[in-house]
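Excluded from the calculations below are hydrogen atoms, water molecules and symmetry mates; all remaining heavy atoms, backbone and side chain alike, are included. As the structure is a computational prediction, the values presented were derived from the model and not from experiment. Numbered from 1 within each chain, the chains take letters A, B, ... in sequence-line order.
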There are 2 protein chains.
Amino acid sequence: MLEIRHLRSLKAIAETGKLGLAAERVFLTQSALSHQIRAIEQHYDITLFKRGNQGLRFTPAGQRLLELANVLLPQLEKAERDLIRMKSDQSGELRIVLECHTCFDWLTPVMDAFRRAWPEVEIDLVAGFHSDPWHLINEGKADVVIGGLPGDGFEKREPLSHIPLFKFEIMGVLPVDHALKNQARLNAEDFSQKTLITYPVPEERIDLIRQILKPAHIEFTRRTAELTIAIMQLVASRRGLAALPSWGIQSYVEHNYVLAKPIGSKGLWSKLYAIGSEDMMTKPYAKDLARIVRDVCADKLKGIKLL
Amino acid sequence: MLEIRHLRSLKAIAETGKLGLAAERVFLTQSALSHQIRAIEQHYDITLFKRGNQGLRFTPAGQRLLELANVLLPQLEKAERDLIRMKSDQSGELRIVLECHTCFDWLTPVMDAFRRAWPEVEIDLVAGFHSDPWHLINEGKADVVIGGLPGDGFEKREPLSHIPLFKFEIMGVLPVDHALKNQARLNAEDFSQKTLITYPVPEERIDLIRQILKPAHIEFTRRTAELTIAIMQLVASRRGLAALPSWGIQSYVEHNYVLAKPIGSKGLWSKLYAIGSEDMMTKPYAKDLARIVRDVCADKLKGIKLL
DNA sequence: AACCAATATGAATTAAATTCAAATCTATCA
DNA sequence: TGATAGATTTGAATTTAATTCATATTGGTT
């Protein structure tokens, strides 16, 4: 009666707190999840969740099953990796380049998990900043880029393959006493003649500029800082505005150090992929890297949506 | 893709060595199992069994999945047993007896709140008057007494357990024009040769008599009435005195219908407990009943002290 | 080569899960 | 107190997946 699929659903519900969001995560409808959990509740004749208009909260019984999921699913994944190893040797190397600065936040736990899962694979982070990280793959200097899809390069390149990871929202960051503090969302004009504080990367690599400000011909000043906390300090002290992933600024917002607002009418969302040569991305351990990223981030990063 | 059901099938195959026999064990046909294992083999693209006319033998990959089954299934069963235990913790019945008449005032909101919190517990009030309510627990006719601790009964009883609720003050009630209206507090002698109006219960169940009047050998007349309002009317019309919980007479005092005075130098306080068998009082819903009583009464009854 | 005792296969059937569309619930706000 | 927004629930229709049935095939043994 209880099946692995139900455990996956429980985990997603725990991560998102809402049936609708959990449903996206497991690629089902919200209704399907509702039917699933009701079937389990009826089967065991016990309620697993307290329902409210804020979503679901686990009852002790629900927590017990969640705990089961948290124990069983990793064991299942381990067995599946073992099966792959039995098919063929899986040693190799995996040199990762990050397109975006903020991804460092979660890469460490990902690499830890990966090393535990694939001890025979040498995983490394390619250090330094690279203006065209995708090119490093063709040059043979990296194996996987974690970032957005490359823009259409005019040069001929070895065709790349990609695995979707997740998308996240880029939020506008304001000082708490900013004039726009009561406005629900930010628009392109709101950045006009303002200072925009960013990581030190080219303009075309900053989504806000490329997708919003440039098309609207907004004029602004740029100022850069290396670290997220430095950007936060500059914003808090009213030296300018910033645009950062929702997960990276969550704790600053919670402590009311700065304000965060969605940008544009639908919000500014950025998509992340694991990108590599076709050869590389068909390797089981490269696919598993993507799975681990999705897993770790689904767990650690609030507000992301799995692709 | 791989589901619990497949693990059960693998286990049955290991136990019987033959698809046909294994199929009986999991209440499926041989064909169904054949389809199942073929689906798994195709999914992981690996052979799980060597087939012969003696039955099936596990390959290393098959053994790996069997090992997974042997690890996962017991964990699942343990979780299921835990759920059953949790269910028994949240459903049952709770037959309440009140030792004191006045407690009816607040029991209704308590029962309403309880029913909302524990829909699977049948809560009921044991009707009628009982001279020894605690004994009803040993007789299996009630689950919880709300009242004072039982006096040391000489008979052997199943040991009872209790949870403290609150204490409240029993006030002497006088007509507004009584001779003692200017006296701050009443003493035992003040009841001498007077009529005491009480609920119709035995003397030893009336705290004023048991704790104050009897020890001081005061002589008095008793008269009984069923309802609090009837007692108030009798007192107001100078037919006698009464002694009632401060909360029960509050509104009469506020409307200057009667006077209330503390009794004795420290006041006469009575303590209330939820009392039941040890088994009963360890159940989560019994503990929660006590919590709800304390909560509701702390809110509704002025002048009580939580124990 | 024939036979036995298994498993495999494919189409039909049955059962289960999922979706769709609408209803319902429940805090919160005016 | 009623309206509303944001969630879940519900039941019927649909789709998908699992199972059965009937039969074929396989591998080992004589």
Side-chain angles (χ1 to χ4, degrees), chain A residues 1-10 12-59 61-62 169 182 184-185 262 265-267 302-303 305, chain B residues 1-59 61-62 65-66 112-113 115-117 119:
Chain A
M1 169 61 222
L2 188 72
E3 293 289 359
I4 298 288
R5 134 176 50 97
H6 299 127
L7 300 181
R8 293 209 167 92
S9 299
L10 287 179
I13 293 171
E15 285 166 356
T16 61
K18 294 200 179 53
L19 228 37
L21 296 176
E24 288 185 358
R25 226 161 242 218
V26 293
F27 302 100
L28 290 173
T29 61
Q30 178 263 11
S31 174
L33 281 201
S34 178
H35 281 296
Q36 271 194 7
I37 62 178
R38 212 170 65 83
I40 303 172
E41 286 183 328
Q42 290 189 341
H43 178 71
Y44 292 113
D45 191 19
I46 196 168
T47 76
L48 301 178
F49 303 98
K50 279 212 280 288
R51 281 84 165 158
N53 64 348
Q54 327 282 354
L56 303 183
R57 295 212 324 270
F58 285 74
T59 63
E169 187 169 11
N182 292 321
R185 34 185 68 246
S265 58
K266 296 173 194 159
K302 294 293 167 193
K305 291 183 193 290
Chain B
M1 168 66 222
L2 188 72
E3 291 288 357
I4 299 287
R5 129 176 52 95
H6 299 126
L7 299 180
R8 293 209 167 91
S9 299
L10 287 178
K11 181 159 163 273
I13 293 170
E15 284 163 357
T16 62
K18 299 212 176 35
L19 271 194
L21 297 176
E24 288 183 1
R25 281 207 184 187
V26 293
F27 303 102
L28 290 173
T29 61
Q30 173 268 347
S31 173
L33 282 200
S34 176
H35 282 294
Q36 269 193 8
I37 62 178
R38 212 169 62 83
I40 303 172
E41 287 182 327
Q42 292 189 341
H43 177 72
Y44 291 113
D45 189 22
I46 199 167
T47 304
L48 300 178
F49 304 98
K50 282 212 279 286
R51 282 81 167 162
N53 63 351
Q54 330 280 357
L56 302 184
R57 294 209 325 269
F58 285 74
T59 63
L65 282 189
L66 177 60
D112 289 347
R115 287 199 177 95
R116 247 173 282 129

Using the 3.5 Å cut-off, write out each protein N or O paired with an N or O of nucleotides 28-30 of chain D and the distance between them.
residue: D:dG28; atom: O4'; partner: B:N53; partner atom: OD1; Å: 3.4
residue: D:dG28; atom: O4'; partner: B:N53; partner atom: ND2; Å: 3.1

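- Put simply, NZ on B:K50 is 16 Å from C1' on C:dT7, counting in whole angstrom units.
- Formation of a donor-acceptor pair under 3.5 Å by the A:R185 side chain with backbone atoms of A:S265 is found in this model.
- Regarding B:M1, its CE atom lies at a distance of 16 Å from the P atom of D:dT16, rounded to whole Å.
- Judged by distance alone, the side chain of A:Q36 and the main-chain N or O of A:H6 form no donor-acceptor pair under 3.5 Å.
- Atom CD1 in B:I13 sits about 14 Å away from atom C1' in C:dA8, given to the nearest Å.
- Judged by distance alone, the side chain of A:T59 and the main-chain N or O of A:T47 form a donor-acceptor pair under 3.5 Å.
- Following rounding to the nearest Å, B:L28 (CG) and C:dT13 (P) show an atom-to-atom distance of 20 Å.
- Less than 4.0 Å separates DNA chain D from at least one heavy atom of each of the following residues of residues 31-40 of chain B: B:S31, B:A32, B:H35, B:Q36.
- Spacing between atom CZ of B:R5 and atom P of C:dA17 amounts to 8 Å, rounded to whole angstrom units.
- Note: B:K11 NZ to B:L7 CG = 10.5 Å, rounded to the nearest 0.5 Å.
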Kindly indicate, with the supporting measurements, whether the criterion salt bridge (charged side-chain N to carboxylate O under 4.0 Å, His left out) is fulfilled by B:R51 and B:E41. CA-CA 13 Å; B:R51 282 81 167 162; B:E41 287 182 327; 2.8 Å; yes
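- Within 6.0 Å of atom CZ in B:F27, 12 or fewer heavy atoms from other residues, nucleotides or ligands are found, so the atom counts as exposed in its surroundings.
- In this structure, B:F27 places its CZ atom 20 Å from P of D:dA18, rounding to the nearest Å.
- Open room surrounds CZ on B:R57; 12 or fewer heavy atoms of other groups in view lie less than 6.0 Å from it.
- Of the possible polar contacts, none joining the A:S34 side chain to the A:Q30 backbone as a donor-acceptor pair under 3.5 Å is found.
- A donor-acceptor pair under 3.5 Å links the side-chain atoms of B:T16 to the main chain of B:A12, judged by distance alone.
- Atom NZ of A:K18 is separated from atom C1' of D:dG6 by 9 Å (rounded to the nearest Å).
- The CD-C1' distance, from B:E41 to C:dT9, rounds to 14 Å in whole Å.
- Nearest nucleotide to the side chain of A:Q30, out of D:dT8, C:dT18, D:dT20: D:dT8.
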